[in-house]
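In what follows, a structure is listed as structure tokens, so that the remarks can point back to it.
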Amino acid sequence: MSERDYDHTAIEERWQTAWADADVYRTPDDAENPTYVLGMYPYPSGKLHMGHVRNYTITDAYARYRRMTGDEVLHPMGWDAFGLPAENAAKERDTNPRDWTMDCIGTMREQMRSMGFGYDWDREIATCTPEYYKWNQWLFERFHEEGLVERRDAEVNWCPNCETVLADEQVEGEAELCWRCGTPVVQRELEQWFLRITEYADELLEAIDDLEGWPNSVRQMQRNWIGRQYGAEIDFEIEDHGPVTAFTTRIDTINGATFFALAPDHPISERLAEESEEVRRFVEEEADPEGDEPNGVSTDLTATNPATGEEIPVYVADFVLSDVGTGALMAVPGHDERDHAFAQKHDVEIKPVIAPEPEGWDGETVPDAPDVGEEAYTEDGVLVNSGEYSGLDSETARARITEEIETAEESTQYQLRDWGISRQRYWGTPIPVVHCHDDCGAVMVPEEELPVELPEFVNTTGNPLDAAEEWKETTCPACGGPAERETDTMDTFVDSSWYFLRYISPDLETAPFDRDRANDWMPVDQYVGGIEHAVMHLLYSRFFTKVLADHEGLEHREPFTNLLAQGMVQLEGEKMSKSKGNTVSPQRIVEEYGADTARLFMMQAAQPERDFDWSEEGVRSTYAFLDRLKGMVDGFVENEPDGERNAVASYVESEIDATVAIATDEYDTLRFNEALRETQGLVRTLRQYAEYTEPHAGTYGHGLSAVVRLLAPVAPHLAEELWEELEGEGFVVEADWPDAEIDRDRVEKRRQLVENTRKDVRDIVEVAGIEDPQAIDVVIAPDWKYDALEIAIDSDADNLIGELMGEDHIREQGDAAADYGQDLQTEREALSMTLDPEEEHDALEAAAWLLEREFDAPVEVVRAEGADEEVVRKAEPGRPAIHIEN
RNA sequence: GCGAGGGUGGCUGAGCUUGGCCAAAAGUGGCGGGCUUAAGACCCGCUCCCGUAGGGGUUCGAGGGUUCAAAUCCCUUCCCUCGCACCA
């Protein structure tokens, strides 16, 4: 780096201090409906990585943009501070999770400050503080009061060595090993606390349709996750075991149900396993629900098909899952691929009962049965071999069969399960429950005793809360007798399901959030984060918001209006990760190039939702751009130019307006890369201007001032520095966004006209082999052609020429009018309005210097009157005639 | 298998929602030129084929269709990426 490089470290520190001293990012409590911009709060690992930098640069840039356009903005930050890594780190380093986490928070806060992120730090929250998690507990009890909390047995992943439950993500590989100690994980039944999110399944699903500000992918993932299916439940009578309920979406195929299948852990299967060695061996040894092959074992039992009255064999099969439907199913091999495969393997009858609907079907004739020997027919169709139902279409048949079979009834199934929040961990929110040694059972801790605080950390295997004897021992709030505290803590997703509400009133001591203010400030206008939270966090947050709307007077049913799932920062096409060792440290980039460079490089590299490759070269050229810009501003301020306000200046003025108009649009829709490209284009134009001629100070200064403000959301430090040089006072953070009177359509037409004209001149010079042009005339079409064009666009007459000749001033043009009319007629369907003649003239005159510079010949832009007849003839609206003197 | 999103000029990548200056933005790479003692930076042009006055031809995964007109709309087909998945 040469000596000209600007001192980014000094500049960035200077402005970070100035912003903090002036408290510029504070959102006062009396703000009215501020724009709420939020990035997903981080887990405080102690190190900001590139993903964070990208995430928070997006929100910061948007927040700054909105602030400059005059909005009040709420842009807070906090810490997802509970979680397993802190517990592990504490064990390794012989400290405790609290101290370790608080240290990490301190470091990361400082790193964020050095990136120049403008947060209202007075609203900072950390979920591991009793002031925060007290409200997790309070909410848990409110949910309980509303019947949305349940305690029941559940099967969980259990590591016998660590003596704790593991989340599915923490079980590794096919062999199912514990991610920490490599011990094989076992399934274990444990009493767990659940939040009844399934109560809201329908609303969570249906409201997705209205989340128009969310990416389709996320919406679809949530729909799949909820997985609602309409069908029917129906009982099959099994000898000695009574009725067994099966769920099916295809009750129209019931006449083709030729066997019945039970999950290996269905109560009947378990009973059979006790009696039959074969079933026992299958259930305990052979069943492989993960495998592709549908395996099963026959039983001696039969079930009665309620439609046909036939006795059909009963199998225990591993493709039947106990947590899907009822854990028992009627198998229809003729119309289900999996059932078909199983039936072939076990030689069960395959009976077609649905035929494809014949073309031009009359709605009653019973078609021939299809051949389902080789392959199941899985579509809807027309029933055959179905007794009185034969001849009905599938949909009608489903309704009638459900209606007419005694035990059948409509049923809706969801894939969504209730949310098990119990974790056998220390570093989380204690579940505020006491287990009475007498008969009171699980009793909620009274509200006035909240928060139930975590005891001191004990380094032990298993759950430290279990080892905290003194803490555990308590009295029952109901009967006063001896009791024990619940030792499970909450899933950290509980913390993040409502943190966005806490920022609104972070110090409130009487409620989780200030209701009135929340009603005013919510929902979050723009939420930004990684796609990995597409389902869990975003679904849980929606659930909490709906519960709070129903029971706590929140007047919003959705938390996030617009959601942006930002893309990954990659290195050579691969995701950056510690294990691959291909990370780029933001700290190093900030030291070497400054936060502004890092931010600007990232924002211009790609649209925020796309992945992009980190490139050191790109970073260097971004730095060079900022450096040059600083040089331009320095030069301008030190030595103000005194050029004329001439045609060239007016070209530059119009380019400034164009840039502002376009960049503003792009900022609005978070397409920072486009906005920045325009801005950099304007810098280039300004540089060309200064190179070509002595600039007009007002114009040039105006351009620089616009550039600085357009850049301010993304490169705020240097923008402050340059703003100070240009304006002398005030923060650019608080400056007004530049405005342009111009509309985008007009801007683009003008640029197009100039660009086309330059290209035409080049073509002519090239094709005609003109070595050294002496003079270039650019001639605007006469007014009557513009009139004719307008008439042609509006006209729907068959004979356009006739209509044109109806206008005196056009008819007067004689042959010329006829010729042009003919052209219009040919192009008729494709015509579009151009700028008017005066605008075209002005635009070209302003851009004439570009041609003069390029061809080193005088350029004259003239109106049709007074130009050579022969030349004018070729001029059309949007396309001036060009004459080159050789 | 189901669902979502894609396939554009050497590469990256806009545009396709609202068909028409789209041979198709921008960047990058390559070529030529300017500036410079020189290098870098910066500036200008070219970069599908043909063309001595702004023209013509062939292109936007493949094939078909709608239209005066399709990268853009419809159908079929192939391939890629990402979610979900023995879901009854």
Side-chain angles (χ1 to χ4, degrees), chain A residues 2 4 215-225 227 229 231-233 246-251 253 257 261 263 288-295 317-321 323-332 335-339 341-342 378 413-415 531-532 534-535 604-607 609-613 615 617-618 621 624-625 627-628 631 671 673-674 677-678 680-681 684 687-688 691-692 748-749 751-753 755-770 826-832 834 850 853-855 871 874 876 878-884 886:
Chain A
S2 78
R4 268 201 53 215
N216 279 333
S217 58
V218 174
R219 295 162 81 186
Q220 196 56 38
M221 280 161 81
Q222 294 212 346
R223 286 191 191 103
N224 290 342
W225 188 263
Q229 267 188 316
E233 285 190 349
F247 173 78
T248 178
T249 53
R250 291 297 303 275
I251 202 165
T253 65
D288 174 22
E290 307 292 309
D292 290 336
E293 279 287 297
N295 300 309
D318 63 2
F319 68 84
V320 186
L321 307 176
D323 60 347
V324 175
T326 60
L329 60 83
M330 65 171 215
V332 185
H335 304 283
D336 180 277
E337 282 170 25
R338 189 202 44 225
D339 296 349
F342 189 88
T378 59
Q413 293 283 323
Y414 301 87
Q415 212 157 293
I531 189 76
E532 66 273 18
V535 177
Q604 67 170 32
Q607 291 180 14
E609 48 274 272
R610 297 191 93 98
D611 297 344
F612 79 94
D613 259 22
S615 134
E617 203 184 320
S621 88
F625 166 79
D627 193 39
R628 263 180 274 129
R671 283 189 298 205
N673 58 324
E674 302 286 337
R677 192 179 81 198
E678 278 295 326
Q680 297 193 345
R684 178 186 283 205
R687 200 177 310 120
Q688 290 168 339
E691 206 162 273
Y692 180 72
E748 271 154 18
K749 280 202 167 100
R751 283 183 169 181
Q752 193 70 53
L753 173 71
E755 206 34 64
N756 286 348
T757 306
R758 291 177 68 191
K759 194 151 177 52
D760 282 346
V761 173
R762 267 176 223 138
D763 275 358
I764 293 168
V765 168
E766 163 79 20
V767 174
I770 300 170
T826 317
E827 295 287 305
R828 193 147 171 203
E829 310 287 344
L831 298 173
S832 65
T834 61
L850 293 167
R853 185 184 59 167
E854 188 173 340
F855 296 97
V871 178
K874 285 194 220 158
E876 288 175 19
R879 183 156 220 215
I882 295 163
H883 180 73
I884 300 172
N886 201 342

Which of these nucleotides, [options], is closest to any side-chain atom of [X]?
| X | options | answer |
| --- | --- | --- |
| A/E854 | B/rC21, B/rG45, B/rG13 | B/rG45 |
| A/R762 | B/rG45, B/rC42, B/rC86 | B/rG45 |
| A/I764 | B/rG54, B/rC42, B/rC87 | B/rG54 |
| A/N224 | B/rA53, B/rG83, B/rA88 | B/rG83 |

For this session: For B/rU36 versus B/rC42, give the span between their C1' atoms, rounded off to a whole number of Å.
Result: 11 Å
Problem set entry | Nearest-angstrom distance, P atom, B/rA70 to B/rA23 | 11 Å
For this session: Report yes if a donor N or O on one partner sits less than 3.5 Å from an acceptor N or O on the other, where the partners are the side chain of A/R677 and the base of B/rA25; otherwise report no.
Result: yes
Problem set entry | Check: A/D760 side chain, B/rG54 base, donor-acceptor under 3.5 Å | yes
Partner of [N] by Watson-Crick or G-U wobble geometry, both contacts under 3.5 Å, or none?
| N | value |
| --- | --- |
| B/rA23 | none |
| B/rC46 | B/rG30 |
| B/rC2 | B/rG83 |

Does a nitrogen or oxygen in the side chain of [X] sit under 4.0 Å from OP1 or OP2 of [N]?
| X | N | result |
| --- | --- | --- |
| A/Q604 | B/rG13 | no |
| A/R610 | B/rA14 | yes |
| A/Q607 | B/rA14 | yes |
| A/R628 | B/rC42 | yes |
| A/R853 | B/rC43 | no |
| A/R684 | B/rG27 | yes |
| A/R751 | B/rA25 | no |

Exercise. Quick one: on RNA chain B, does A/H883 or A/T248 contact a more 5' nucleotide (nearest heavy atom)?
Worked result: A/H883
Problem set entry | Spacing of A/L753 atom CG relative to B/rC21 atom P, expressed in whole Å | 16 Å
